[in-house]
Amino acid sequence: MLLHSCCAPCSSAIIECMLANGIRPTVFYCNPNIYPREEYEIRKNEAIRFVTSKNLDFIDADYDYERWRNTMQGLENKPERGGRCLKCFTLRLTETARYASEHGFSVFTTTLASSRWKSLDQINEAGRHAAALYPSTIFWEQNWRKGGLQDRRNQLLKEYDFYNQQYCGCEFSIRRPEEAPK
């Protein structure tokens, strides 16, 4: 099982759930959308800290922000959950499927499906598209928001004192304080 991870807070409860059910994931960190680079490094290091505490393998995909930025050209002003997000998910999950195919993983899934701020339909569409490009892979569609995982995520966030980001990661999702939801 190759688990695409967006961050430690979102991954933690999912990883625990997988381990409790006899699934030992390899964590694939592919997030070229995260901006700035310092933010990427903080999130990556938190993910590594958690994954290594569980004695799991962590794969760090290359941080190719320029490729991501070029792929998003023309979508800069699209709203959250719009076309830019779908394209971003597709880019990241296609890279996950490629890695899975090239390294003998038949199934992949993503922690993106744990965020209530993301469109589950878009995530599943992106995963299905990615798996279709690499027929030796299957995308495991899973709503990781259910079954108490959101509550467990919040507990683990406190237990591990995770850095908890305030935006999805891309430069277009950074909100000024006056734009933050109340």
Side-chain angles (χ1 to χ4, degrees), residues 1-63 80-81 85 88-89 91-93 95-97 99-100 103 105 107-124 126-127 130 138-171 173-175 177 180-182:
M1 166 68 62
L2 188 63
L3 175 63
H4 169 265
S5 170
C6 58
C7 65
C10 288
S11 302
S12 58
I14 294 169
I15 289 171
E16 270 194 357
C17 178
M18 287 181 164
L19 290 172
N21 286 285
I23 300 169
R24 189 170 175 79
T26 293
V27 176
F28 187 67
Y29 192 77
C30 179
N31 299 295
N33 59 303
I34 298 175
Y35 178 87
R37 176 72 186 236
E38 295 76 22
E39 179 78 13
Y40 172 85
E41 293 297 333
I42 291 167
R43 293 183 191 197
K44 179 179 81 172
N45 289 333
E46 286 290 84
I48 290 170
R49 180 168 66 96
F50 182 76
V51 169
T52 57
S53 79
K54 300 297 181 187
N55 294 314
L56 298 173
D57 292 329
F58 183 90
I59 308 300
D60 183 12
D62 288 335
Y63 180 69
E80 291 296 299
R81 294 181 172 221
C85 293
C88 179
F89 300 153
L91 175 77
R92 292 154 69 194
L93 294 180
E95 186 61 21
T96 304
Y99 186 92
H103 292 88
F105 294 93
V107 179
F108 71 98
T109 192
T110 181
T111 63
L112 290 167
S114 70
S115 173
R116 65 178 191 236
W117 306 110
K118 305 286 178 234
S119 164
L120 195 56
D121 289 338
Q122 284 183 332
I123 293 162
N124 289 334
I138 297 167
F139 177 65
W140 179 17
E141 292 184 31
Q142 180 64 32
N143 182 346
W144 296 109
R145 302 169 191 171
K146 296 185 175 195
L149 290 177
Q150 197 65 36
D151 290 337
R152 182 63 182 144
R153 173 206 183 276
N154 293 334
Q155 291 170 347
L156 289 166
L157 189 127
K158 291 176 184 152
E159 283 177 32
Y160 281 85
D161 192 28
F162 285 135
Y163 167 74
N164 192 22
Q165 60 275 1
Q166 300 302 307
Y167 63 104
C168 93
C170 89
E171 67 180 285
S173 67
I174 298 173
R175 292 190 177 110
K182 305 279 187 249

(message) Given Glu39, which partner from the list Glu41, Arg43, Arg37 fulfils the side-chain contact (heavy atoms from CB on, under 4.5 Å) test?
(response) Arg43
(request) Test Thr111 against every option in Val27, Leu3, Ile123, Ile15 by the side-chain contact (heavy atoms from CB on, under 4.5 Å) rule and name the one that passes. (result) Leu3
With a 4.5 Å heavy-atom cut-off, do [X] and [Y] have their side chains touching?
X	Y	answer
Tyr160	Arg49	yes
Lys44	Ile48	yes
Leu112	Trp144	no
Ser173	Glu80	yes
Ser12	Leu157	no
Cys7	Glu46	no
Met18	Arg24	no

(message) Let's go through Tyr99 and Ile59 carefully: what are the C-alpha distance in whole Å and the side-chain angles of both, what is the deciding distance for side chain to side chain contact (heavy atoms under 4.5 Å, CB included) to 0.1 Å, and is it a yes or a no?
(response) CA-CA 10 Å; Tyr99 186 92; Ile59 308 300; 3.5 Å; yes
Which atom pair, heavy atoms only, marks the closest approach of [X] to [Y]?
X	Y	answer
Ser115	Arg145	O-NH2, 2.8 Å
Gln122	Arg81	NE2-O, 2.9 Å
Phe108	Gly127	CZ-O, 3.7 Å
Gln142	Asn124	N-OD1, 4.5 Å
Leu2	Phe28	CD1-CB, 3.7 Å
Gln166	Asn164	NE2-O, 2.9 Å

Reported [atom1]-to-[atom2] distance for the pair [X] and [Y], which is rounded to 0.5 angstrom:
X	Y	atom1	atom2	result
Asn45	Tyr40	CG	OH	9.5 Å
Ile34	Cys6	CD1	SG	8.0 Å
Cys10	Arg153	SG	CZ	4.5 Å
Gln155	Gln150	CD	CD	11.5 Å
Leu56	Leu19	CG	CG	5.5 Å
Asn31	Ser5	CG	OG	7.0 Å

(request) Go through the steps to decide whether Leu149 and Cys17 satisfy the test side chain to side chain contact (heavy atoms under 4.5 Å, CB included), and finish with yes or no. (result) CA-CA 8 Å; Leu149 290 177; Cys17 178; 3.9 Å; yes
(message) Does atom CG (Asn21) have a neighbourhood of more than 12 heavy atoms from anything else shown, all under 6.0 Å?
(response) yes
(request) Show your reasoning for whether ring pair (Phe, Tyr, Trp, His ring centres under 6.0 Å) applies to Tyr35 and Tyr63. (result) CA-CA 10 Å; Tyr35 178 87; Tyr63 180 69; 9.1 Å; no
(message) For His4 and Thr110, which I'm curious about, is there any donor-acceptor pair between the side chains at under 3.5 Å?
(response) yes
(request) Assess whether ring pair (Phe, Tyr, Trp, His ring centres under 6.0 Å) is satisfied between Phe162 and Phe50, documenting all intermediate values. (result) CA-CA 9 Å; Phe162 285 135; Phe50 182 76; 5.8 Å; yes
